[in-house]
Asker: 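This structure is in structure tokens; I'll ask about it shortly.
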Amino acid sequence: MAAVSRRTFLTLGGIGGALVVTGGTGLIWDGLNNAAPVTASTGGAAFTEPPVLRSASGLLDVALTASRSRIVVGGTTVSAMTYNGSLPGPTLVVRPGDRVKITLANHLGEPTNLHTHGLHVSPEGSSDNVFRQVETATTADYEYQIPDDHPAGAFWYHPHHHGMTAEQVFAGLYGAILVERDDHIAVTRQRLLVISDITFDSAGEVAVTSQMDRMAGREGQIMLVNGQVAPVLDAKPGDFERWHVVNACTSRYLSLTLDGAILSLQGNDGSRLAAPRQVSTIDLVPGARADVLVTVPAGAVDLLADPVDRGSAGSMMVGAPRSTSMVTLARMRVSGEPAAVPQTATLAPPPLPLRDLRTETLTGSRTLTLAMGAAGMGMGGGGMMQFTIDGHTFDPNRVDQSVARGAIEEWMLVNTSTMDHPFHLHVWPMQLLATGGTTESEAVWRDVVNVPANSRVRVRIAFEDFTGTSVYHCHILDHEDGGMMGIIAVA
Ligand code: C2O
Ligand code: CU
Ligand code: CU
């Protein structure tokens, strides 16, 4: 993925329509499509966070109700799918060693299920088992044991019912999971920013996505931070904040800037860098998270999402991925007396050294090839695109990779297509070794890695702690639903 420069987005703005920032307060849709905006000038409300459900005495026992709800987005009442009536759903806050019980009630009028993205927990039974189907008007009990040595950081939950994942996430079904562990960082405050995108039609319903947009990976016409349009964050100059940022967009790649503030990346996807590293952008593929330390400057700053070029489908019948203009996601209003001592220096003692699988013995290697191609003619799919891994679309009855528990493997992820694909593996995190010709010097751990168009990525994985059957897939959820997913069985 590559950030498109702010100069070029102006010339790209006409492709498929674009979000336009207006008058500093809101977003309008420029009208190349038949869908309506939520409304212009609807931003500017005070930043809020989803309700928090926190574990106590080692247990979090909660009910999540998935339903179609009327909610207010950007000052307009619309319909969306929600957990417990809120968009995003409640934030689950847990600690390593906790037991988590979730009773999922499905009032959607269609099947669903639940996935805890990034958690290192069992994929079996009533734990993080994405093969379960929860029928409408039924209730299902999920139960997870968070290991004592589980890393801290931001994770998230969302439905994972094959064929309906993109629709249900796009419509509003997602929420954050924070795993807390004391890391002795003195911050002024912590914030959670769940970033998503959505499109409403003129009736205020979630818009229907065209086949072309599914193939490209749909991008919503409005972007939300915790369900809000361009909210305002209040802070004092010199405040030192920790942000947990979640990319819950169905397909959109994020490249975030906060010009004027000092941004230090503390880690991604539940892994920590050896020491926080100053960065100018926060880059998050769909599904990815970042923990960022923010030193607030004097004066206002805007959190911007720059357009990202994630490739195209070339001459094939797929719309161009859309992110073509810069969007103001949030504004920071800075006022008051400067904090007495800027707290940038109050960083944590170095965390435990990160595991580095390059120093361990490999037990195997394999290559997985992500591809896009025209579906066979006469199959009712004329002109349609197929999304495959190793030449197959997803089959719930086929195990694609059999791995022995305890194996340490190197996987070469090859992308032969002209679009980037964010590759996600459930349960077992991946150590990123190299992307194309660029080798990582540090131990970099991710649960989603970007595999750029016509390129390859090398990762290593330790298949430890759990056995069972789970999945890997493209986290452009339209591609996952389109078949770019496979099954792994660890035994
Ligand atoms: Cu975030 Cu298989 O999912
Ligand atoms: Cu996942
Ligand atoms: Cu993809």
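In each ligand, atom 1 is the first atom listed, and ligand 1 is the first ligand listed. We use all heavy atoms of the structure for the numbers below, so side chains are in, but hydrogens, waters and symmetry mates are not. Keep in mind that this is a model prediction, so the values were computed, not measured.
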Asker: Which atom, among the N/O/S set of H473, is closest to atom 2 (Cu) of ligand 1?
Answerer: NE2
Asker: With a cut-off of 2.8 Å, which protein N/O/S atoms are close to the Cu ion (ligand 2), if we only count those under it?
Answerer: H115 NE2, H424 NE2
Asker: Just to verify, which of Q211, R218, E167 counts as forming a side chain to side chain contact (heavy atoms under 4.5 Å, CB included) with D478?
Answerer: R218
Asker: Test H162 against H160 for ring pair (Phe, Tyr, Trp, His ring centres under 6.0 Å), laying out the working first.
Answerer: CA-CA 6 Å; H162 182 62; H160 214 291; 8.7 Å; no
Asker: Do other residues, nucleotides or ligands put more than 12 heavy atoms under 6.0 Å from R54 CZ?
Answerer: no
Asker: Between Y142 and R132, is there a cation-pi geometry (under 6.0 Å to ring centre, at most 45° from the normal)?
Answerer: yes
Asker: Using the rule side chain to side chain contact (heavy atoms under 4.5 Å, CB included), only one of T112, L173, V169, L87 pairs with M81; which is it?
Answerer: L173
Asker: Donor-acceptor pair, distance only, cut-off 3.5 Å: does the side chain of R405 make one with the backbone of G468?
Answerer: no
Asker: With ring-ring contact (aromatic ring centres under 6.0 Å, His included) as the test, pick out the partner of W428 among W411, F463, W445.
Answerer: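 So, applying the ring-ring contact (aromatic ring centres under 6.0 Å, His included) to W428 and each of W411, F463, W445, only F463 qualifies.
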Asker: Under 2.8 Å from atom 1 (Cu) of ligand 1, which protein N, O or S atoms are there? Could you list them by chain and number?
Answerer: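 Result, waters dropped: H117 ND1, H158 NE2, H475 NE2.
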Asker: With side-chain hydrogen bond (donor to acceptor under 3.5 Å, both in side chains) as the test, would you mind laying out the steps for Q228 and T48 before giving the verdict?
Answerer: CA-CA 8 Å; Q228 292 180 286; T48 60; 3.2 Å; yes
Asker: Can you tell me how the ring of H117 sits relative to the ring of H424, calling it parallel under 30°, perpendicular over 60° and tilted otherwise?
Answerer: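 Parallel, since the angle between the ring planes stays under 30°.
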Asker: Over 60° means perpendicular and under 30° means parallel, so tell me whether H150 and H120 are parallel, tilted or perpendicular.
Answerer: tilted
